Amino acid sequence: MLKHKKSEALLADLSPERAIMYKEVVAGLQSAPKTLPSKYFYDRSGSQLFEQITELEEYYPTRTELGIMQSALLEIVAHMGPRCQLIEYGSGGSKKTRLLLDALPDLAAYVPIDISKEYLFQSAHALVAAYPRLEIYPLSVDYTSDFTLPTPVRPVARRVAYFPGSTIGNFDRPQALKFLQRIARLSQGGDLLIGVDLKKDPAILHRAYNDRQDVTAQFNLNLLARLNAELQADFKLHQFAHYAFYHPIEGRIEMHLVSLKAQLVQLAGLEIPFQEGESIWTESSYKYTPAGFAQLAKAAGFTVKQVWTDPQQLFSVQYLSADK
């Protein structure tokens, strides 16, 4: 818990060990097609770049979700009820979360979870200053793994998981099912407030992932810069290009890094060959219909209680309860 009088933090650090990162990166780069786990986007630089992406004119999800949260806040809080423990997956800067914290003065505790330790630590300290009476337990962990939540001092009526943004779309459907099942277990029969991006005009999606300022391209390429810094790789970033497109049959955005020439990359003693035009698949972002996501939620042990959307039906915020 963060100590509020001195604003000192006891950060629970369960972030992936370097050996695990190395193993996962090597496995992805030696597969066909080549892949990299999207969770490794979020080092300090990657987290900062993503925050810049959320402010872009072309990137609709963040401002649209924020607008939905603002208009539906009273209904959301009514679902959550008093004395809940709020558990946020991928908390980042916790901007949208502050709406909930302001509206829930009797919150039992807040657990922000993020894989980027430094960014989480910085954000948690800012929250301590803003909410000095709130129990805050920052947890640095790969939230797709199993972990144990801290026990708050105050009594908890229920656990409510919060998964904002469109991050559920980064999982393919079997992975999304498994992840939602893990949340259901961790919440111990509690609830889930989640952001779900909706299917829409592909032109809108293309602009969102190919912005004019190339911030998304920098974010994508920063993944290679991180491998250079942390895994002794020698990726030449100028020899790779950002490429993102919508796959209509699969209903997903695919983000890739394309090799601009035939080349050989060293990675801690391993040689990874690339052909000209060969890509590394770095991220997927699946889009859903409300009915399609309801089916997925039901299979995971949740029932959708309410869905809020914007007037253009670009994005949805959904409140789920675990089936008893």
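Treat the numbers as computed from the prediction; the structure is a model and nothing was measured.
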| field | Salt-bridge criterion met for E24 and K39 (N-O under 4.0 Å) | value | yes
| field | Distance flag, aromatic centroids of Y110 and Y131, threshold under 6.0 Å | value | no
| message | Could you tell me if the side chain of L320 sits less than 4.5 Å from the side chain of K305, heavy atoms only? | response | no
| request: Could you tell me whether the side chain of S31 and the main chain of P33 form a donor-acceptor pair under 3.5 Å? | output: yes
| said: Once ring-ring contact (aromatic ring centres under 6.0 Å, His included) is applied, do any residues pair with F274, and if so which ones, sequence neighbours excluded? | reply: F240
| query | Does atom CG of L264 have more than 12 heavy-atom neighbours from other groups under 6.0 Å away? | reply | yes
| message | Evaluate R63 against E55 for salt bridge (charged side-chain N to carboxylate O under 4.0 Å, His left out), listing each step before the verdict. | response | CA-CA 8 Å; R63 64 174 178 273; E55 301 292 334; over 6 Å; no
| field | Polar contact flag, side-chain donor to acceptor under 3.5 angstrom, S45-D43 | value | no
| Is there a salt bridge (charged side-chain N to carboxylate O under 4.0 Å, His left out) between R154 and E135 once you walk through the steps? | CA-CA 8 Å; R154 297 182 63 190; E135 293 181 37; 5.2 Å; no
| note | For H242, the side-chain hydrogen bond (donor to acceptor under 3.5 Å, both in side chains) test, sequence neighbours excluded, returns N220
| query | With respect to L29, which candidate in L267, L270, T35 satisfies the side chain to side chain contact (heavy atoms under 4.5 Å, CB included) definition? | reply | L267
| request: Look at the side chain of K200 and the backbone N and O of L314, then say whether any donor-acceptor pair between them is shorter than 3.5 Å. | output: yes
| message | Salt bridge check, E57 against R207: does any charged N sit closer than 4.0 Å to a carboxylate O? | response | no
| request: Indicate whether the side chain of D172 and that of Y286 have a donor and an acceptor atom separated by less than 3.5 Å. | output: no
| About how many Å separate CD1 of I53 and OG1 of T62, when rounded to the nearest 0.5 Å? | 9.0 Å
| said: On a heavy-atom basis, which atom in T64 and which in F315 lie closest, and how many Å separate them? | reply: CG2-CB, 3.8 Å
| message | Tell me if the CD atom of Q70 is crowded by more than 12 foreign heavy atoms within 6.0 Å. | response | yes
| Can T97 and E88 be counted as having a side-chain donor-acceptor contact under 3.5 angstrom? | yes
| For the residue pair G81 and L104, what are the closest heavy atoms and their distance? | O-CD2, 4.2 Å
| said: Can you confirm whether L223 sits close enough to I280 that some side-chain heavy atom of one is under 4.5 Å from a side-chain heavy atom of the other? | reply: no
| said: Assigning hydrophobic clusters by single linkage (Ile, Leu, Val, Met, Phe, Trp, Tyr; side-chain heavy-atom cutoff under 4.5 Å), is I183 placed with L149? | reply: yes
| V128 versus I136, closest heavy-atom pair with distance | N-CD1, 4.0 Å
| said: Between S38 and N170, is there a side-chain donor-acceptor contact under 3.5 Å, judged purely by atom types and distance? | reply: no
Only pairs under 3.5 Å count here: list side-chain donor-acceptor contacts from residues 291-304, not counting sequence neighbours, and write none if there are none.
{"from": "T303", "atom 1": "OG1", "to": "D323", "atom 2": "OD1", "distance (Å)": "2.5"}

| message | What verdict does the side-chain contact (heavy atoms from CB on, under 4.5 Å) test give for F147 and I113, after you've listed the backbone C-alpha separation in whole Å, the side-chain angles of each residue and the deciding distance to 0.1 Å? | response | CA-CA 11 Å; F147 57 90; I113 303 171; 3.7 Å; yes
| query | Under 4.5 Å between any side-chain heavy atoms of L127 and H125, yes or no? | reply | no
| Any donor and acceptor pair, going by atom type alone, linking the side chain of D214 with main-chain N or O of A217 inside 3.5 Å? | no
| Apart from F245 itself, what residues make up its hydrophobic cluster when side-chain heavy atoms of I, L, V, M, F, W and Y under 4.5 Å apart count as a link, directly or indirectly? | Y243, V258
| Can you name the side-chain hydrogen bond (donor to acceptor under 3.5 Å, both in side chains) partners of D201, sequence neighbours left out? | none
| request: Identify the two heavy atoms, one from K96 and one from Y162, that lie closest to each other, and give their separation to 0.1 Å. | output: CB-OH, 3.5 Å
| message | Any non-hydrogen side-chain atom of L100 less than 4.5 Å from a side-chain atom of M80? | response | yes
| How about I76 and L193: do any of their side-chain heavy atoms sit closer than 4.5 Å? | yes
| field | Nearest atoms (heavy-atom pairs only) where H79 meets D191 | value | O-OD2, 4.0 Å
| Y209 and S285 side chains, donor-acceptor separation under 3.5 Å | yes
| request: Taking atom CD of Q213 as the centre, report whether more than 12 heavy atoms of other residues, nucleotides or ligands fall under 6.0 Å from it. | output: no
| said: Using the rule given for salt bridge (charged side-chain N to carboxylate O under 4.0 Å, His left out), can you reason through D106 versus R83, listing the C-alpha separation, both sets of side-chain angles and the distance that settles it, and then say yes or no? | reply: CA-CA 6 Å; D106 58 351; R83 294 183 294 106; over 6 Å; no
| task | Go through the steps for D146 and R182 under the test side-chain contact (heavy atoms from CB on, under 4.5 Å), then give the verdict. | result | CA-CA 8 Å; D146 290 320; R182 179 173 275 116; 2.9 Å; yes
| said: Apply side chain to side chain donor-acceptor pair (under 3.5 Å) to residues E58 and Y60 and explain how you reach the verdict. | reply: CA-CA 6 Å; E58 299 96 331; Y60 64 87; over 6 Å; no
| Taking the six-membered ring for Trp, are W308 and Y319 parallel (under 30°), tilted (30 to 60°) or perpendicular (over 60°)? | perpendicular
| task | Step by step, work out the side-chain contact (heavy atoms from CB on, under 4.5 Å) result for E65 and V317. | result | CA-CA 7 Å; E65 182 179 24; V317 174; 3.8 Å; yes
| Same cluster or not: are L221 and W281 linked, directly or through other Ile, Leu, Val, Met, Phe, Trp or Tyr residues, by side-chain heavy atoms under 4.5 angstrom apart? | no
| Value rounded to 0.5 Å, distance of CD in E230 from OH in Y22 | 14.5 Å
| task | Report whether L205 and L198 are members of the same hydrophobic cluster (ILVMFWY, side-chain heavy atoms less than 4.5 Å apart, transitive linking). | result | no
| task | Please list all pairs passing the salt bridge (Lys or Arg N to Asp or Glu O under 4.0 Å) test where one or both residues lie in residues 243-261, with sequence neighbours left out. | result | E250-R252, R252-E254
| In this structure, are over 12 heavy atoms from other groups packed under 6.0 Å from Q232 atom CD? | no
| If Ile, Leu, Val, Met, Phe, Trp and Tyr residues are connected whenever their side-chain heavy atoms lie under 4.5 Å apart, and connections chain through other members, are V111 and V153 in the same group? | yes
| query | Do K117 and D114 sit within salt-bridge range, that is, some charged N less than 4.0 Å from a carboxylate O? | reply | no
| What about L139 and V156, same hydrophobic cluster or not, with Ile/Leu/Val/Met/Phe/Trp/Tyr joined at side-chain heavy-atom distances under 4.5 Å? | no
| Closest heavy-atom pair and its distance - P112, L120 | O-CD1, 3.7 Å
| field | Sidechain-backbone polar pair: S316 side chain, V196 backbone, donor-acceptor under 3.5 Å | value | yes
| message | Over 60° means perpendicular and under 30° means parallel, so tell me whether F219 and Y42 are parallel, tilted or perpendicular. | response | tilted
| Between E51 and S47: side-chain donor-acceptor atoms closer than 3.5 Å | no
| task | Test L257 against K34 for side-chain contact (heavy atoms from CB on, under 4.5 Å), laying out the working first. | result | CA-CA 10 Å; L257 289 167; K34 290 180 171 67; over 6 Å; no
| Okay, side chain of T282, backbone of M255: is any donor-acceptor separation there less than 3.5 Å? | yes
| said: If we count only N and O atoms by modelled type, under 3.5 Å, do the side chains of Q306 and E75 hold a donor and an acceptor together? | reply: yes
